[in-house]
Amino acid sequence: MPGQTTPFKLATLTTPNTSCLAAHNGLLYSGSTNQIAVFDLTNFTQIDTLRTNDAASGSVKSIAFGRWKIFTAHQDCKIRVWKITCSKRRHGHRLLATLPTVKDKLYRFISPSNYVHVRRHHKRLWIEHWDAVSGLVVNEGFVYSVSWDRSFKVWSASDHKCLSSVKAHDDAVNAVGVGQNGVVYTGSADGVIGVWEIREGKQKKHRLVRTLDKHKSTINAIALNEGGTVMFSGSSDRSIMVWKKDEAGKQIGFVEALWGHEGAVLCLYSVRDLLVSGSEDRTVRIWRGDVTNGYQCTAVMEGHRSPVKSLVVVGAGERCLMICSASLDGEIRVWSLRL
């Protein structure tokens with residue numbers, strides 16, 4: 001295949017029940033049940049463990065980074081905020097807050113207008129997720145969370161207050177992306193991607209402006225290019241779809257579908273002109289191209305013994321790429337590719 005890249009495995013790390021990966025400042029964060037392992041990417045050694053100290057917190061679903069903070073999404077319906085501390089000797093982390101905060105809940109619990117029906121005969125404060133928090137994005141001082149409770153919420157990254165909540169889908173929301181001007185993309189088990197824009201006014205809430213329904217099954221992953229003009233969506237129908245905003249930035253349209261995976265597409269990561277995808281078929285694929293000429297698969301990384309649940313690009317030079325991929329068997333593989 002013209003332009004094909006040749007991957008090779010640099011290292012293998014092991015953490016139990018790895019559910020998500022993220023990288024920040026030369027460190028790799030691996031979320032699992034009730035904890036997050038931190039690895040130094042220079043020598044692939046574990047240097048810290050973030051523990052929730054709550055046996056009911058369940059698996060870590062997503063990890064996002066703010067200014068000296070880490071935001072983590074958990075199965076117990078909560079978002080946890082960690083403070084990053086640095087010294088000459090080591091990086092450190094400490095639990096700073098759990099969202100929604102006790103202060104925010106006490107402020108709102110008296111008024112009946114602050115409650116919403118979540119199930120028959122059950123009410124919760126609108127600032128609370130009532131099912132697993134499945135995805136997080138930090139963008140321009142705001143934290144965006146999506147949940148299996150079918151909603152997405154917007155939080156202040158500085159004081160941790162919940163600013164708005166939107167009932168987004170008819171089924172669990174699995175993925176979120178945030179583009180230019182606070183445009184939110186939500187992917188759901190109902191097979192639909194929602195496009196949400198901020199409605200101007202006293203209360204700047206998001207409104208649904210378009211639904212994208214070309215996928216035939218559950219949406220598992222959403223990734224945006226660095227400019228936020230191109231979106232990629234991965235689904236259980238085994239396809240990756242490419243979408244592009246028009247030159248005016250007002251509308252988003254379908255470009256093409258990428259086929260090659262033999263199982264559900266579970267995770268995506270976009271960097272430069274590259275797209276990396278992980279699948280239930282236990283492979284990682286590298287796609288290269290653009291929306292004008294199309295994307296082509298240039299490499300397939302095999303070796304995982306279970307579905308690839310999460311991946312992250314941890315190094316992107318002009319002629320090389322380093323990728324970490326995690327499968328459900330607890331194995332994290334570090335790959336190097338020459339482009």
Side-chain angles (χ1 to χ4, degrees), residues 1-13 18-23 28 30 135 174-175 177 187 193 214-226 230-244 254-329 331-339:
M1 183 185 298
Q4 190 170 15
T5 55
T6 303
F8 62 91
K9 189 177 70 171
L10 280 178
T12 300
L13 313 174
T18 302
S19 51
C20 66
L21 293 177
L28 176 69
S30 169
N174 297 322
I193 299 169
K214 291 187 74 68
H215 281 293
K216 304 301 181 185
S217 188
T218 296
I219 312 296
N220 299 312
I222 287 175
L224 299 177
N225 72 341
E226 292 174 1
V230 179
M231 180 186 69
F232 307 92
S233 55
S235 168
S236 293
D237 64 11
R238 300 181 297 171
S239 74
I240 301 167
M241 293 196 177
V242 185
W243 313 81
K244 183 182 183 298
F254 173 73
V255 177
E256 65 173 328
L258 308 179
W259 297 91
H261 282 297
E262 297 178 359
V265 179
L266 301 178
C267 48
L268 296 170
Y269 196 98
S270 173
V271 57
R272 294 200 312 247
D273 62 342
L274 300 169
L275 176 69
V276 189
S277 59
S279 169
E280 184 184 31
D281 66 11
R282 299 176 292 178
T283 68
V284 176
R285 285 179 176 259
I286 309 295
W287 310 79
R288 194 170 193 178
D290 55 52
V291 293
T292 302
N293 300 305
Y295 286 81
Q296 300 292 327
C297 181
T298 61
V300 180
M301 286 114 80
E302 299 175 316
H304 279 295
R305 295 169 294 176
S306 296
V308 179
K309 185 67 176 68
S310 183
L311 54 81
V312 61
V313 174
V314 296
E318 288 187 10
R319 296 193 177 277
C320 64
L321 196 69
M322 191 161 73
I323 300 167
C324 294
S325 58
S327 62
L328 294 179
D329 61 7
E331 186 177 82
I332 301 170
R333 293 196 168 210
V334 185
W335 308 86
S336 179
L337 295 89
R338 293 191 181 278
L339 303 178

Chemist: Within the 4.5 Å heavy-atom criterion, are Leu337 and Ile286 side-chain neighbours or not?
Modeler: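 Yes - at least one pair of side-chain heavy atoms lies under 4.5 Å apart.
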Chemist: How long is the span from the CZ atom in Arg238 to the OG atom in Ser279, to the nearest 0.5 Å?
Modeler: 9.5 Å
Chemist: Are the side chain of Glu280 and the backbone N or O of Ala264 linked by a donor-acceptor pair below 3.5 Å?
Modeler: yes
Chemist: So which heavy atom on Cys267 is nearest to which on Ala221, and how close?
Modeler: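 Heavy atoms only, the tightest pair is CA-CB, 3.8 Å.
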Chemist: Going by an N to O cut-off under 4.0 Å, is there a salt bridge joining Glu331 and Arg305?
Modeler: yes
Chemist: Using 0.5 Å steps for rounding, measure from the CZ atom of Arg282 to the CE atom of Met301.
Modeler: 16.0 Å
Chemist: Side chain to side chain contact (heavy atoms under 4.5 Å, CB included) with Leu275: which of Asn225, Val230, Ile240?
Modeler: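 Running side chain to side chain contact (heavy atoms under 4.5 Å, CB included) over Asn225, Val230, Ile240 with Leu275 returns exactly one hit, Ile240.
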Chemist: Tell me, do Trp287 and Phe232 make a side-chain contact under 4.5 Å, heavy atoms counted?
Modeler: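 Of all side-chain heavy-atom pairs linking Phe232 with Trp287, none is under 4.5 Å.
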Chemist: May I ask you to test the His304-Ser325 pair for a side-chain heavy-atom distance under 4.5 Å?
Modeler: yes
Chemist: Can you find a heavy atom in the side chain of Leu321 that is under 4.5 Å from one in the side chain of Val313?
Modeler: yes
Chemist: Does any non-hydrogen side-chain atom of Met322 lie less than 4.5 Å from one of Val334?
Modeler: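 In short, these two side chains touch, coming nearer than 4.5 Å.
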Chemist: To the nearest 0.5 angstrom, please state how far the OG atom of Ser233 sits from the NZ atom of Lys214.
Modeler: 11.0 Å
Chemist: Would you compute the distance between atom NZ of Lys309 and atom CD1 of Ile332 and round it to the nearest 0.5 angstrom?
Modeler: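 Going from NZ on Lys309 over to CD1 on Ile332, the span is 13.5 Å.
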Chemist: Given side chains that start at C-beta, do those of Thr283 and His261 come closer than 4.5 Å, heavy atoms only?
Modeler: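 Yes; the side chains approach each other to less than 4.5 Å.
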Chemist: Can you check whether Ile219's main-chain N or O pairs, donor with acceptor, with Asn174's side chain at less than 3.5 Å?
Modeler: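 Confirmed, Asn174 side chain pairs with Ile219 backbone.
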Chemist: Applying side chain to side chain contact (heavy atoms under 4.5 Å, CB included), run through Trp243 and Glu256 and close with a yes or a no.
Modeler: CA-CA 7 Å; Trp243 313 81; Glu256 65 173 328; over 6 Å; no
Chemist: Please name the pair of heavy atoms, one in Cys324 and one in Leu28, separated by the smallest distance, quoted to 0.1 Å.
Modeler: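 Distance-wise, the nearest heavy atoms are SG-CD2, 3.9 Å.
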Chemist: Quick one: does Asn220's side chain have a donor or acceptor within less than 3.5 Å of a partner on Leu266's backbone?
Modeler: no
Chemist: Does any part of the side chain of Ile193, heavy atoms only, come nearer than 4.5 Å to the side chain of Met241, both counted from C-beta?
Modeler: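 The answer is no, as the side chains (C-beta and beyond) never meet within the 4.5 Å cut-off.
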Chemist: Take atom CZ in Arg333; do more than 12 heavy atoms of anything else shown fall under 6.0 Å from it?
Modeler: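 Enclosed.
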Chemist: With a 4.5 Å limit on heavy-atom distance, are the side chains of Leu268 and Val276 in contact?
Modeler: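 They are not in contact (no side-chain heavy atoms under 4.5 Å apart), so the answer is no.
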Chemist: I'd like to know whether NZ of Lys244 has more than 12 heavy-atom contacts from other residues, nucleotides or ligands below 6.0 angstrom.
Modeler: yes
Chemist: Just how far is it from atom CE of Met231 to atom OG of Ser270, taken to the nearest 0.5 Å?
Modeler: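 Answer rounded to 0.5 Å: 12.0 Å.
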Chemist: Do you know the tightest heavy-atom contact between Ser19 and Ser310?
Modeler: O-CB, 4.2 Å
Chemist: Taking the side chain from Arg285 and the backbone from Gly278, do they hold a donor-acceptor pair closer than 3.5 Å?
Modeler: no
Chemist: Which atom pair, heavy atoms only, marks the closest approach of Trp259 to Asp237?
Modeler: CZ3-O, 3.4 Å
Chemist: Quick check: closest heavy atoms across Ser277 and Leu311, and the distance to 0.1 Å?
Modeler: C-CD2, 3.6 Å
Chemist: Could you grab the distance from atom OH of Tyr269 to atom CG of Leu21, nearest 0.5 Å is fine?
Modeler: 11.0 Å
